[in-house]
Every structure is written in structure tokens, then in C-alpha cells.
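Shown next, in C-alpha cells, is the structure this report addresses.
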Amino acid sequence: MSTDKLYEEKELSWLSFNERVLQEAMDKTVPLIERIRFLGIFSSNQDEFFKVRVSEVKRRILINEVHGGDDDAKVLLRAIQQKVMALGEAFDNTYKELLIALARHNIFLVNEGQLSESIQQWLRVFFREKVQRHLIPILLNKEVNPVKFLKDEYTYLAVEMKKQGQVIQYALVEVPTDDLPRFVQLPAEGTRRKKQIIILDNIIRFCLDDLFKGFFDYDEIAAYAVKLTRDAEYDLSDQLDLSLVDKMSDGLKQRLTAMPVRFVYEREMPAAMISFLKLKLQISSYDAIMSGGRYHNFKDFIGFPNVGRDYLENPKLPALECRDFDGFVNAFDAIARQDILLYYPYHKFHHFTELVRQAAFDPAVSAIRINIYRVAKKSRIIHSLIDAANNGKKVTVVVELRARFDEAANIDWANILTDAGVKVVFGVPSLKIHSKLCLITRLEQGEAVRYAHIGTGNFNEKTAKIYTDFSLLTRNPDITAEVEGVFEYIEYPYRRYKFNHLLVSPINSRRQLYRLIDNELANAKAGQPSGITLKINNLVDRDLINRLYAAGQAGVPIQMIVRGMCALRPGVPGLSDNIRVISIIDRFLEHPRVMVFHNKGNVQLYISSADWMSRNIDGRIEVATPVYDERLKQRILDILDLQLSDTCKARVIDAEQQNEYVKRGNRRKIRSQVAIYDYLKRIESDPHGH
């Protein structure tokens with residue numbers, strides 16, 4: 001079988017994932033405001049796709065043109081562009097449908113041409129008092145090079161001024177969404193049931209004269225929306241005298257002026273203006289140039305306000321208290337009693353922030369070590385770490401400066417922590433540190449005792465409310481000693497380290513994953529029970545896929561939940577008959593990585609920070625931990641069973657990437673995210689914790 005039939009292109013598979021996000025916006029069973037917000041999520045995802053993945057394909061094309069090579073990248077780019085256009089059309093149709101649905105609920109998204117006299121007067125005052133101060137038009141004359149300053153992913157209005165039919169000037173106006181809300185609710189008129197919302201862009205369009213009159217002489221003025229997406233990659237300087245922070249800062253400046261990979265313009269824009277802007281923005285033939293509606297940066301629709309009834313949003317699922325902490329004077333006593341498993345956002349993230357807060361002033365705590373990849377803007381964890389340093393604790397924070405799109409924030413945190421006397425470590429130059437570890441050392445009865453957190457998600461209070469993730473809290477000496485070994489490896493990577501319990505990339509993950517898969521294969525061949533269950537975000541690594549193909553062909557039943565990219569092609573006769581893959585998209589973003597191996601009934605279960613991509617296995621520091629506590633192991637298995645039984649939000653991933661919903665048949669309706677909440681709520685309300 002040819003290799004193109006063995007694997008799905010990861011970029012096309014990613015677009016298939018984002019199509020599942022768009023399906024949520026199209027799903028009439030999803031509350032209306034949530035459907036609009038899914039349009040925002042789809043749009044935000046699409047932006048990142050162009051910045052990262054399309055940029056990479058474009059670079060491959062340019063390298064091939066210089067050094068020679070096949071045209072695979074060009075073929076892939078054409079396939080990407082075709083899929084993007086099809087998704088764009090579905091997006092536009094969905095948006096129009098949702099506008100009509102909003103109107104049925106007396107919510108109207110109005111433009112500048114649909115305003116009553118009194119609202120027009122109100123808007124002019126609003127513009128003068130709130131908006132105008134944030135606007136400085138950029139005139140597009142010969143001296144101006146907009147590529148140097150146009151911000152990536154911001155919406156701009158391209159303004160055309162005409163005098164007696166002749167164009168006299170073009171200008172760009174940035175829509176100031178950093179300073180003002182994108183959506184403005186207009187004052188009620190007549191019946192108070194009717195709610196009107198106007199987008200900030202349209203306020204500026206309505207008040208163009210207020211902005212330009214008195215400075216330019218024109219008969220006609222018009223504005224058209226444009227958006228630029230730039231390449232997200234950058235080269236790190238090889239100057240030896242620059243610190244990593246300085247190199248990262250230089251790299252981020254490169255991103256600000258990186259070449260465009262996508263140019264979106266309003267489809268009513270005059271042809272001459274399109275040509276002028278393409279020339280000014282140095283758009284190449286390999287860049288995606290596409291027309292669109294009046295509004296770009298739909299990602300802002302993630303925050304679309306609900307000005308209507310409560311039922312237009314998902315009902316709240318209040319985060320749960322974990323009963324395992326009840327009755328203990330501090331978190332350490334609770335963890336000493338038994339391992340604790342938290343599952344966000346079902347459980348409160350407060351349990352972890354409270355652990356760090358207590359560690360910051362607990363006289364018994366001598367040291368805290370933690371990995372930082374992405375943290376919240378107002379991170380209580382960071383402040384607790386600073387408090388711990390002020391209290392004389394030995395605090396070490398490993399800051400990953402190369403966390404994509406969080407680099408600038410992490411540079412700032414590194415400086416703040418360093419100034420506070422915290423030891424900041426940047427780790428191994430060639431490896432991103434993506435593990436989710438925290439290690440607290442405590443002096444108990446004269447002995448140093450370690451407490452560890454090993455998780456699948458970031459230490460981020462904000463994302464912990466919308467991403468599902470597991471956190472294991474343990475005092476198990478075998479595990480905590482190896483967590484300490486990971487921190488040692490990060491600081492001293494030239495030493496040799498051995499891990500018998502943890503799977504640590506890039507030291508032993510690949511070898512151990514092969515061993516675990518091959519063990520199931522051998523059991524199946526010997527007629528023993530076997531099975532593999534995986535839950536991951538992305539499955540792209542071809543060597544691991546080949547191992548799964550071989551296991552499936554040997555008779556190992558394999559079931560997987562893959563949220564995003566899946567290069568494996570399930571259900572292909574003779575190749576992957578034994579492999580079933582589903583994907584779940586719902587109100588929370590599925591984010592944990594879980595690996596389950598049947599092992600002849602003595603189940604081996606791991607939670608991990610790593611996806612099955614080559615970069616995660618070979619090019620990053622990632623950690624998977626076994627879950628030894630049988631009570632917690634069964635809890636994770638129960639949660640996986642609920643997800644694998646989902647009949648509402650699960651899609652079948654097949655070889656054609658068709659994204660069909662799992663057929664319910666005569667089975668009961670199971671929406672796994674809600675069912676998991678109910679399951680955990682029962683456990684946390686049970687006095688025995690069962």
C-alpha cells in the first residue's frame with residue numbers, strides 16, 4: 001500500500017478538526033449564543049492554522065524552489081486552499097442563519113445603515129467620547145510600508161477617499177479592540193424587548209467623516225475591512241553574547257514583521273484598491289488571498305454577549321469541591337493519606353492554587369519546583385511562588401520561553417520572578433519543556449518528604465475553566481523521586497538519568513511506548529486478552545501509527561479518542577479494521593492525554609502531557625505518569641467509558657475524514673461531558689468517596 005494511503009496529511013486532518021468545531025455552530029441543539037461563540041472559536045483556530053501550519057507549507061515550497069524538490073507541498077497547499085474555501089462558505093452561511101435566529105429572539109446585530117435618528121445621535125457622542133481617541137489613521141503614501149507595522153490578526157478598515165470620481169488617498173484605521181469591546185449594546189428604543197448590538201467596526205464606518213473631515217478634501221469616503229495573517233515562526237539569533245531572553249525578544253520582533261501568509265478583504269472592495277493593497281503588503285502568489293464579509297477577526301465572537309434570556313447559553317456546571325481534601329488541616333495531610341486525582345473544569349482549580357499558597361508559608365516546606373508553560377494573566381500561582389521566596393523557601397521555576405504565542409508573557413514572568421529572588425531556569429536550549437510538574441519538599445519528622453503534581457494541562461486558572469485536564473497529586477516516593485529527576489535533567493541535561501516509572505521525553509518515551517504496544521501485540525498473538533485505549537489531542541507520529549497498525553492487524557482491539565489531528569486512517573480493510581477512532585467537540589475543550597494497556601487484565605494506565613507527535617516524543621521534555629491507585633485508575637476508566645459511549649457529541653474519524661456523528665441507534669442519549677459531571681458529582685457527594 002502506498003504511503004499516501006497509509007497516512008492522512010496532518011494539515012488536512014487539522015482542517016477536519018476545525019470543521020467539527022464549525023459543526024457545533026451549525027448544530028441547532030446547541031444554545032444560540034454558544035453557536036455564535038463557536039464561530040469565534042473556529043475563526044481563532046483558523047487564524048492559528050494559517051500562522052503556523054500554512055506558513056510551514058509555504059516555506060517548504062520556497063525551499064523546494066531554491067534547492068529543487070518535489071511538488072508535494074504545492075499539491076498540499078492547493079488542497080488546503082480548497083478545503084479552506086469550502087469551510088469559509090459554510091461559515092458564511094451559518095453566520096447568516098444565526099443572524100436570523102438572533103432576530104427571532106429580539107436580538108439584532110445592526111450595521112451603520114440600520115440606525116434610527118436618535119441612535120445616530122447617540123453613536124456620534126459615543127464615538128467622540130469613547131472611540132475617537134484610540135484612532136490614528138495611517139496614510140498609505142509612497143513613504144509608508146504597512147508590512148512593517150500592520151499587526152497580525154487585527155482588523156483594519158481600509159479607507160478610500162474620492163474627489164470628483166478620482167481616488168485621492170488610501171488610509172488604514174486599526175479597529176481598537178484592545179481598548180474597547182468589539183460589541184456595543186445600543187440604548188433601548190420603544191419596546192425594551194428589542195436588543196440592538198453594533199460592532200465597533202461599524203461605529204467607525206458610521207463616523208468616518210468625524211475622523212477625516214477637516215484634514216482631507218473629498219466628495220466620497222468608504223471603508224472596507226481587511227486582515228493580515230503573518231508567519232508565526234522566527235529565527236533565534238546565534239549571537240553568543242545574547243541571553244535566551246534577548247534572543248526570544250528579537251525573535252518576537254521578527255514575528256511582528258514576518259511576511260504575510262493570508263490576506264482577507266471585504267468582497268465589496270474595489271478591484272483597484274485590492275491591487276494597490278496587495279502590492280503594498282507584498283502578497284506573494286503562494287499566500288492565501290480571499291474575499292470575505294464585512295467582519296474579519298471573528299475570533300472576537302468568542303466573547304459575544306448574551307443580552308437575551310439565560311437559556312440562550314449553556315446552563316452552568318459549577319466546579320466541584322474534591323472530597324479527598326475534607327477533614328484535613330492542610331492539603332499535604334490529605335495527599336499523605338492517599339493519591340488525589342483532580343479533573344478540571346469539573347473540579348475546582350482552587351485545590352492546586354491552594355496547595356501552592358499553603359506551601360508558600362508552611363514552615364515545614366523547604367523547596368518548591370514548578371514548570372511554567374502557559375499561565376493566566378493574573379496568576380495566583382506566580383504570586384504564591386514569589387511569596388514563598390520572600391518567606392525564605394528555595395523556589396525554582398522552569399519557564400518555557402518558547403510557548404507559542406505566550407513568549408512575550410513568559411519573558412515578563414521570568415523577569416518578575418528573577419527580580420523577586422526566585423531561581424528561574426530556561427532549561428535545555430534544544431528542547432521545549434512541556435511537562436506539567438510541581439514538586440514540593442517538606443521536612444516531616446526530620447526527613448525530607450516530596451509531594452508531586454503531574455498533570456496533562458497548564459497551571460492556568462483561566463483555561464482550567466474551559467479545558468478538561470487531569471492532575472495527579474501524590475506522595476508516592478517512587479514517583480516523586482523521578483519527578484525530582486526530571487527537574488535535575490532540565491538543569492543538568494548532560495548527566496545520565498534512568499526512569500523506571502515515568503515516561504520522560506526524549507529519554508525513554510518512544511522506547512517505552514513501543515514496548516507497551518508490542519506487549520499487547522504479543523498477547524494477542526498468544527491468544528491472550530489484549531487491548532489499547534488512547535485519548536490524545538493529536539496522533540501524527542508515523543512510527544507510532546505503524547506500531548498501532550501492526551497491533552491492530554495482530555488482533556489487538558484499539559479504541560481512541562482523538563480531538564485534533566489524526567494521521568492514522570481507521571477502519572481500512574487489511575490495515576486498520578481493528579481500530580476505532582472518535583472525536584468529541586462540546587462545551588469544554590478536550591485536552592487530557594491518557595494511555596491504557598490491557599496487560600492481560602493487570603491494566604497499565606498513564607496520564608501524560610504529550611501528544612503522539614514526533615516533536616512531543618523526541619523534541620520536548622514531556623512526562624507521563626502511571627496511575628497506581630486502583631480507585632483513581634477505575635475513575636479514569638469510567639470517564640473514558642462515558643466518552644467512548646457518547647451518542648451526542650462524538651464524531652467518527654474515518655479514512656475519508658467525513659466527520660459523521662456517531663449513530664445513536666436505539667442506545668440511550670449520552671452527552672459525555674455532562675455525564676462525567678454527574679458521575680463526579682455523585683462521587684464528591686458520597687461520604688465514602690465511592
Q. Is the distance between the ring centroids of Y467 and Y344 less than 6.0 Å?
A. no
Q: Kindly write out the residues that satisfy salt bridge (charged side-chain N to carboxylate O under 4.0 Å, His left out) with R563, not counting sequence neighbours, or none if the list is empty.
A: none
Q | Candidate pair F470 and L342, rule side-chain contact (heavy atoms from CB on, under 4.5 Å), full reasoning | A | CA-CA 6 Å; F470 286 114; L342 300 171; over 6 Å; no
Q | Pair E48 + R53, salt bridge at N-O below 4.0 Å | A | no
Q. Who pairs with H598 by side chain to side chain donor-acceptor pair (under 3.5 Å), at least two apart in sequence or on another chain?
A. none
Q.
Filter on side-chain hydrogen bond (donor to acceptor under 3.5 Å, both in side chains), then keep only pairs touching residues 503-516, sequence neighbours left out; what's left?
A. S505-S509, R510-Y514, R510-D541, R510-D618, Q512-R515
Q: Taking side chain to side chain donor-acceptor pair (under 3.5 Å) as the test, write out the residues that go with K10, two or more places apart.
A: none
Please tabulate, for the side chains in residues 544-551, all donor-acceptor contacts under 3.5 angstrom to protein atoms that are two or more places apart in sequence or on a different chain.
{"unit_1": "N546", "atom_1": "OD1", "unit_2": "Y7", "atom_2": "OH", "d": "2.6"}
{"unit_1": "N546", "atom_1": "ND2", "unit_2": "Y7", "atom_2": "OH", "d": "3.2"}
{"unit_1": "N546", "atom_1": "ND2", "unit_2": "R542", "atom_2": "O", "d": "3.3"}
{"unit_1": "R547", "atom_1": "NE", "unit_2": "D518", "atom_2": "OD1", "d": "3.0"}
{"unit_1": "R547", "atom_1": "NE", "unit_2": "D518", "atom_2": "OD2", "d": "3.3"}
{"unit_1": "R547", "atom_1": "NH2", "unit_2": "D518", "atom_2": "OD2", "d": "2.9"}
{"unit_1": "Y549", "atom_1": "OH", "unit_2": "L6", "atom_2": "O", "d": "2.5"}
{"unit_1": "Y549", "atom_1": "OH", "unit_2": "R569", "atom_2": "N", "d": "3.0"}

(Q) If you compare all heavy atoms of V395 against all heavy atoms of L385, which two are closest, and at what distance to 0.1 Å? (A) CG2-O, 3.8 Å
**Q.** Electrostatic pair E354-R357, nearest N-O below 4.0 angstrom
**A.** yes
**Q.** Qualifying residues under side-chain contact (heavy atoms from CB on, under 4.5 Å), relative to Y492, sequence neighbours excluded
**A.** E488, Y494, R495, Y497
Q.
The criterion is side chain to side chain donor-acceptor pair (under 3.5 Å); which residues satisfy it with S583, sequence neighbours excluded?
A. R20
Q: Return each pair, listed once, that meets salt bridge (charged side-chain N to carboxylate O under 4.0 Å, His left out) where at least one residue sits in residues 519-529; pairs must be two or more places apart or across chains.
A: none
Q: Scan side-chain atoms only and decide if N616 and D611 contain a donor-acceptor pair under the 3.5 Å cut-off.
A: no
Q | For N371 against K436, the heavy-atom pair lying closest together | A | OD1-N, 4.0 Å
(Q) Any side-chain to backbone donor/acceptor pair from E684 onto R323? Under 3.5 Å, distance only. (A) yes
**Q.** Interatomic spacing from OG1 in T468 to NE2 in H591 - rounded to 0.5 Å
**A.** 8.5 Å
Q: Could you name each residue pair satisfying salt bridge (charged side-chain N to carboxylate O under 4.0 Å, His left out) that touches residues 456-467, not counting sequence neighbours?
A: R380-E461
Q: Please report the shortest heavy-atom distance between A675 and I670, naming the atom on each side.
A: CB-CG2, 4.2 Å
Q: State, to 0.1 Å, how close I607 and I454 come at their nearest heavy-atom pair, and which atoms those are.
A: CD1-O, 3.9 Å
Q. With a 3.5 Å cut-off and no angle check, do the side chains of N330 and Q358 form a donor-acceptor pair?
A. no
Q: Using side-chain contact (heavy atoms from CB on, under 4.5 Å) as the criterion, list what pairs up with A452, not counting sequence neighbours.
A: L439, T474, T480, V483
Q: To the nearest 0.5 Å, tell me how far I368 CD1 sits from K423 NZ.
A: 14.5 Å
Q) Using 4.0 Å as the upper bound for N to carboxylate O, is an ion pair formed by R671 and D646? A) no
Q: Write down the atom of P626, the atom of Y606, and the distance for their closest heavy-atom approach.
A: N-CD2, 3.5 Å
Q) Can you name the side chain to side chain donor-acceptor pair (under 3.5 Å) partners of S530, sequence neighbours left out? A) none
Q) Is it true that the side chains of H453 and S471 contain a donor and an acceptor less than 3.5 Å apart? A) yes
Q) What are the two closest heavy atoms between I579 and P570, and how far apart are they? A) O-CB, 3.7 Å
Q: Taking atom types as modelled, find out whether E622 and S435 have a side-chain donor-acceptor pair closer than 3.5 angstrom.
A: no
Q) Are E400 and R620 close enough for a salt bridge, meaning some N to O gap below 4.0 Å? A) no
(Q) Check E24 with K649, please: is the shortest side-chain N to carboxylate O separation under 4.0 Å? (A) yes
(Q) With rounding to the nearest 0.5 angstrom, report the CG to CG distance, L317 to L680. (A) 11.0 Å
Q: To the nearest 0.5 Å, tell me how far E11 CD sits from E56 CD.
A: 6.5 Å
Q) For Y679, what residues pass the ring-ring contact (aromatic ring centres under 6.0 Å, His included) criterion, not counting sequence neighbours? A) none
(Q) Less than 4.0 angstrom from a charged side-chain N to a carboxylate O is my criterion; do D629 and R635 meet it? (A) no
Q. Does one side chain, of Q673 or E590, offer a donor that lies under 3.5 Å from an acceptor on the other?
A. yes
Q) Relative to each other, are the rings of F349 and F352 parallel, tilted or perpendicular (30° and 60° limits)? A) tilted
Q) What's the spacing between L473 CG and F332 CZ if we round to 0.5 Å? A) 10.0 Å
Q. Ring centres of F588 and Y346 under 6.0 Å apart?
A. yes
(Q) Side chains of N578 and Q553 only: does a donor on one sit below 3.5 Å from an acceptor on the other? (A) no
Q) With distance as the sole criterion, is a donor-acceptor pair present between the side chains of N599 and N519 under 3.5 Å? A) yes
Q: Kindly say whether V623 contributes a backbone atom to a donor-acceptor pair with the side chain of S609 at under 3.5 angstrom?
A: yes
